[in-house]
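Each ligand, and each atom within it, is numbered from 1 in the order the structure gives. Index from 1, following the sequence.
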Amino acid sequence: MPGTVIVGTQWGDEGKGKFTDLLSKEMSVVARYQGGHNAGHTLVVGEETFKLQLTPSGVLYDHIVPVIGNGVVVDPFVLLKEKEMLESRGISTRRLVVSGNAHLILPYHQQLDALHERHLGKSKLGTTKRGIGPAYADKSMRLGIRVQDLLDEDIFREKLHAALGHTNKILTKVFNRLAVDPDELADRVLSECLDGVGPHIGDSIDVIHTALEAGQHVLFEGAQATFLDLDHGTYPFVTSSNPIAGGACAGAGVGPKDLNRIIGIAKAYVTRVGSGPFPTELFDAVGDHLVDVGREFGTNTGRRRRTGWFDAVMLRHAARVNGLTEVALTKLDILDQLAEVKICVAYDIDGSRVEHMPYHQSELHRATPIYETMPGWQTDLSHVTEPDQLPDAAKAYLDRLQTEIGVPITLASTGPARSQFFHWS
Ligand code: GDP
Ligand code: IMO
Ligand code: MG
């Protein structure tokens, strides 16, 4: 039963979309298992660029069944817009299946997300303001509304009344805002979304397991990343779901033994959007160079990403919590022009050398990176499709990374296009 997980190993935007698209050739089903439209996954096919927030990145292939799993939070308005965008560009979304158990993001979740951030002031998380946190909070409070509720108007209205009975008190009494009328919102959602979303609502568990039982390949496409994971990330500067590979079990309804290939996607350096600790962050010309050459601006929100050197301590931790069987390295080409490249191999915390992610986060805030510096290759790698074509310095960098991570780097990418990658170890 071949299940593959693609999981971000850093703070997101590692290139999960590119590798999901690339591996989709061999898959039958591609399923998202967590997050929502806070994700922005970029696929470059020939002259065309697709930026997907909710639809699984396998959608470009006719043979794939794209699935939005139960663990995803779905804004129905965004889903419809994305569907229209894809259809208008000649991509069929007919086969898309949205789990009836996935929860809805409604406009009041987005309003609450923005209000929470405003009230946190200096302590704000820097969320994408897509309503992710409030939608998962409602799910945990048992006040969430599920995608399947759209199919029964009475239930939908009843649940909206119950949810807003609670939320309106917060909006009006805590945040001094107007209450949301449940019936007006129900009218709007049902009239604008039901026709478009309704035909996609289905039994995602059956779709996934029928494929697995037939020996077909299923890819679970993680959004966000290990260090944005609600349990394993740099809390509270995290998202509100479990992007780690194990999240695929809960968020798509598969058992751990269905997952046999866990591919961690890692950038050849590190980026982060939003607040939170970042030991290898650069505030110098090299950091600016990585932003400029790597075009490090959010796919989704357009925000400038923070940049830093590759952090092997993070990757070793990601290897543990995800059970990585391999790593796919992206954006190696962005280091092409640098005279030297650095790898953080350990942290110095209060004078001690620490090689594993510290358990207490306050230590991570005090961690300073211990670097190993290697010569750069100063060669354009964008045309490399075979490892033999690599200059020795780039080979040495990959070898060193692999040793430090302790997991084989099987694939490396040297540009955004499908053809720009090579197999490594
Ligand atoms: P995701 O959220 O993990 O899917 O990543 P994003 O799409 O948000 O950000 C990754 C960006 O890097 C996108 O613009 C990709 O097209 C681009 N990209 C992916 N792999 C490579 C690569 O190897 N080299 C370069 N130059 N760009 C890449
Ligand atoms: P992909 O899938 C990078 C970050 C936000 C913020 C934190 C919480 O494209 O890698 P949220 O809106 O989720 O409550 O925000 O998480 N964040 C991402 N950063 N890539 C993403 O997705 C992200 N999704 C959320 O910037 O710091
Ligand atoms: Mg992204």
Side-chain angles (χ1 to χ4, degrees), residues 6-22 32-45 48-54 56-57 72-73 105 109-110 112-114 116-117 124-137 221-230 233-241 243 264-278 290 292-306 328-336 380-382 384 411-422:
I6 290 250
V7 60
T9 57
Q10 295 156 329
W11 281 293
D13 305 323
E14 297 92 348
K16 299 175 291 294
K18 169 173 173 168
F19 272 104
T20 302
D21 171 61
L22 204 62
R32 280 274 308 267
Y33 57 88
Q34 46 67 235
H37 66 296
N38 48 348
H41 294 184
T42 313
L43 325 177
V44 178
V45 183
E48 292 224 63
T49 299
F50 296 88
K51 293 173 191 276
L52 299 176
Q53 295 181 279
L54 262 175
S57 300
V72 176
V73 279
I105 296 184
H109 293 122
Q110 268 140 29
L112 282 172
D113 198 349
H116 287 149
E117 282 285 88
K124 74 172 182 181
L125 308 178
T127 74
T128 59
K129 301 204 177 110
R130 302 300 197 246
I132 305 295
Y136 278 117
E221 178 185 6
Q224 291 77 57
T226 305
F227 289 89
L228 289 172
D229 186 280
L230 184 57
T234 47
Y235 191 90
F237 305 106
V238 294
T239 192
S240 298
S241 68
I265 312 296
K267 243 179 228 187
Y269 51 99
V270 183
T271 62
R272 174 164 206 168
V273 217
S275 319
F278 183 169
L290 295 175
D292 293 343
V293 181
R295 300 200 188 136
E296 294 298 351
F297 294 91
T299 307
N300 193 329
T301 57
R303 290 178 294 173
R304 188 183 202 270
R305 297 175 182 146
R306 302 156 63 193
L329 195 76
T330 59
K331 299 192 111 169
L332 190 59
D333 54 303
I334 305 305
L335 306 181
D336 281 356
D380 176 4
L381 298 189
S382 62
V384 171
L411 296 158
S413 151
T414 53
R418 268 182 187 164
S419 57
Q420 290 176 299
F421 77 99
F422 58 90

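In summary, of the residues considered (L335, I334, D336), a side chain to side chain contact (heavy atoms under 4.5 Å, CB included) with L381 occurs for D336 alone. Residue Q224 forms a side-chain hydrogen bond (donor to acceptor under 3.5 Å, both in side chains) with just one option from T239, T128, D13, N38, and that option is N38.
Within the structure, the closest approach of W11 to ligand 2 falls below 4.0 Å when heavy atoms are considered. Taking 4.0 Å as the cut-off, A225 does not count as a neighbour of ligand 2 on heavy-atom distance. At least one heavy atom of R305 sits closer than 4.0 Å to an atom of ligand 1. Within the structure, ligand 1 lacks G12 among the residues with a heavy atom less than 4.0 angstrom away.
Heavy-atom contacts of K16 reach the following atoms of ligand 2: 1 (P), 2 (O), 10 (O) (cutoff under 4.0 Å). With ligand atoms numbered from 1 in the order given, ligand 1 contributes 1 (P), 2 (O), 4 (O), 7 (O) to contacts under 4.0 Å with heavy atoms of H41. Every atom of ligand 2 with a heavy atom of D13 under 4.0 Å away is listed here by number and element: 1 (P), 3 (C), 9 (O), 10 (O), 20 (N). Residue A223 has at least one heavy-atom neighbour below 4.0 Å for each of these atoms of ligand 2: 2 (O). Every atom of ligand 1 with a heavy atom of I334 under 4.0 Å away is listed here by number and element: 26 (N). Listed by atom number, the atoms of ligand 2 under 4.0 Å from G274 heavy atoms are 27 (O). Near T414, with a cut-off below 4.0 Å to any heavy atom, the atoms of ligand 1 are 23 (O), 24 (N). Here is the list of ligand 2 atoms found below 4.0 Å of a heavy atom in G126: 5 (C), 6 (C), 26 (O), 27 (O).
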**Message:** Does V273 form a side-chain contact (heavy atoms from CB on, under 4.5 Å) with W11? I'd like the steps, not just the answer.
**Reply:** CA-CA 8 Å; V273 217; W11 281 293; over 6 Å; no
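At under 3.5 Å, not a single nitrogen or oxygen of K129, backbone or side chain, sits near a nitrogen or oxygen of ligand 2. Considering backbone and side-chain N/O of E14, none are found under 3.5 Å from N/O of ligand 2. Checked against a 3.5 angstrom limit, the closest N/O atoms of S275 and ligand 2 fall outside it. Looking at ligand 1, you won't find any N or O of V44 less than 3.5 Å from one of its N or O atoms. Checked by distance only, ligand 2 and G12 stay at 3.5 Å or farther apart across all their nitrogen or oxygen atoms. The N/O atoms of R303, backbone and side chain alike, include one that comes under 3.5 Å of an N/O atom in ligand 2. Considering backbone and side-chain N/O of G415, one or more are found under 3.5 Å from N/O of ligand 1.
For the residue pair T330 and K18, no side-chain donor N or O sits within less than 3.5 Å of a side-chain acceptor on the partner. For the residue pair T127 and D113, a side-chain donor N or O sits within less than 3.5 Å of a side-chain acceptor on the partner.
Among all protein heavy atoms, the one lying closest to atom 11 (C) of ligand 1 is K331 NZ, 3.8 Å. Among protein heavy atoms, the minimum distance from atom 7 (C) of ligand 2 is reached at V238 O, 3.9 Å. Scanning all protein heavy atoms for the shortest distance to atom 16 (O) of ligand 1 gives P416 CB, 3.4 Å. Closest to atom 13 (O) of ligand 2, if we only count protein heavy atoms, is T239 OG1, 2.6 Å. With respect to atom 16 (O) of ligand 2, the closest heavy atom belonging to the protein is L228 CD2, 3.6 Å. Looking at atom 15 (O) of ligand 2, its nearest protein heavy atom turns out to be T127 CA, 3.4 Å. The protein heavy atom nearest to atom 19 (C) of ligand 1 is K18 CD, 4.1 Å. Counting only heavy atoms of the protein, atom 12 (O) of ligand 2 lies nearest to T128 OG1, 2.5 Å. V273 O, 3.1 Å is the protein heavy atom nearest to atom 27 (O) of ligand 2. The nearest protein atom to atom 24 (N) of ligand 1, hydrogens excluded, is given as D333 OD1, 2.8 Å; this is a heavy-atom distance.
When heavy-atom distances to ligand 2 are checked against a 4.0 Å cut-off, L125 comes that close only through its backbone atoms N, CA, C and O. Contact annotation: for R130 versus ligand 2, there are no heavy atoms closer than 4.0 Å.
Side-chain contact between K331 and T271 is absent, with no heavy atoms from C-beta onward closer than 4.5 Å. Residues R272 and P277 are in side-chain contact: their nearest non-hydrogen atoms beyond the backbone lie under 4.5 Å apart.
Between the side chain of E48 and the main chain of V45, no donor-acceptor pair closer than 3.5 Å is present. Side-chain atoms of R304 never come within 3.5 Å of backbone atoms of E296 as a donor-acceptor pair (strictly under, hydrogens ignored). With Q110 contributing its side chain and K129 its backbone, the two residues share no donor-acceptor pair below 3.5 Å. For S382 (side chain) and T414 (main-chain N/O), no donor-acceptor pair under 3.5 Å exists by modelled atom type. Formation of a donor-acceptor pair under 3.5 Å by the Y136 side chain with backbone atoms of G131 is not found in this model.
For the residues S382, G40, G17, the heavy atom positioned nearest atom 2 (O) of ligand 1 is part of G40. When the heavy atoms of G40, G35, G8 are ranked by distance to atom 9 (O) of ligand 2, first place goes to G40. The residue among T42, L43, D13 with a heavy atom at the shortest distance from atom 14 (O) of ligand 1 is T42. Considering each of Q34, Q10, Q224, K124, the one bringing a non-hydrogen atom nearest atom 1 (P) of ligand 2 is Q224. Of the candidates G8, A225, S413, the one placing a heavy atom closest to atom 20 (N) of ligand 1 is S413.
Not one N, O or S atom of K16 sits under 2.8 Å from the Mg ion (ligand 3).
Rounding to the nearest 0.5 Å places CZ of F227 at 8.0 Å from OG1 of T9. One distance of note links OG1 of T42 with NZ of K51; it measures 4.5 Å at 0.5 Å rounding.
Contact between L125 and F237 at its shortest, heavy atoms only, is CD2-CD2, 3.8 Å.
The name of the N, O or S atom in D13 nearest to the Mg ion (ligand 3) is OD1.
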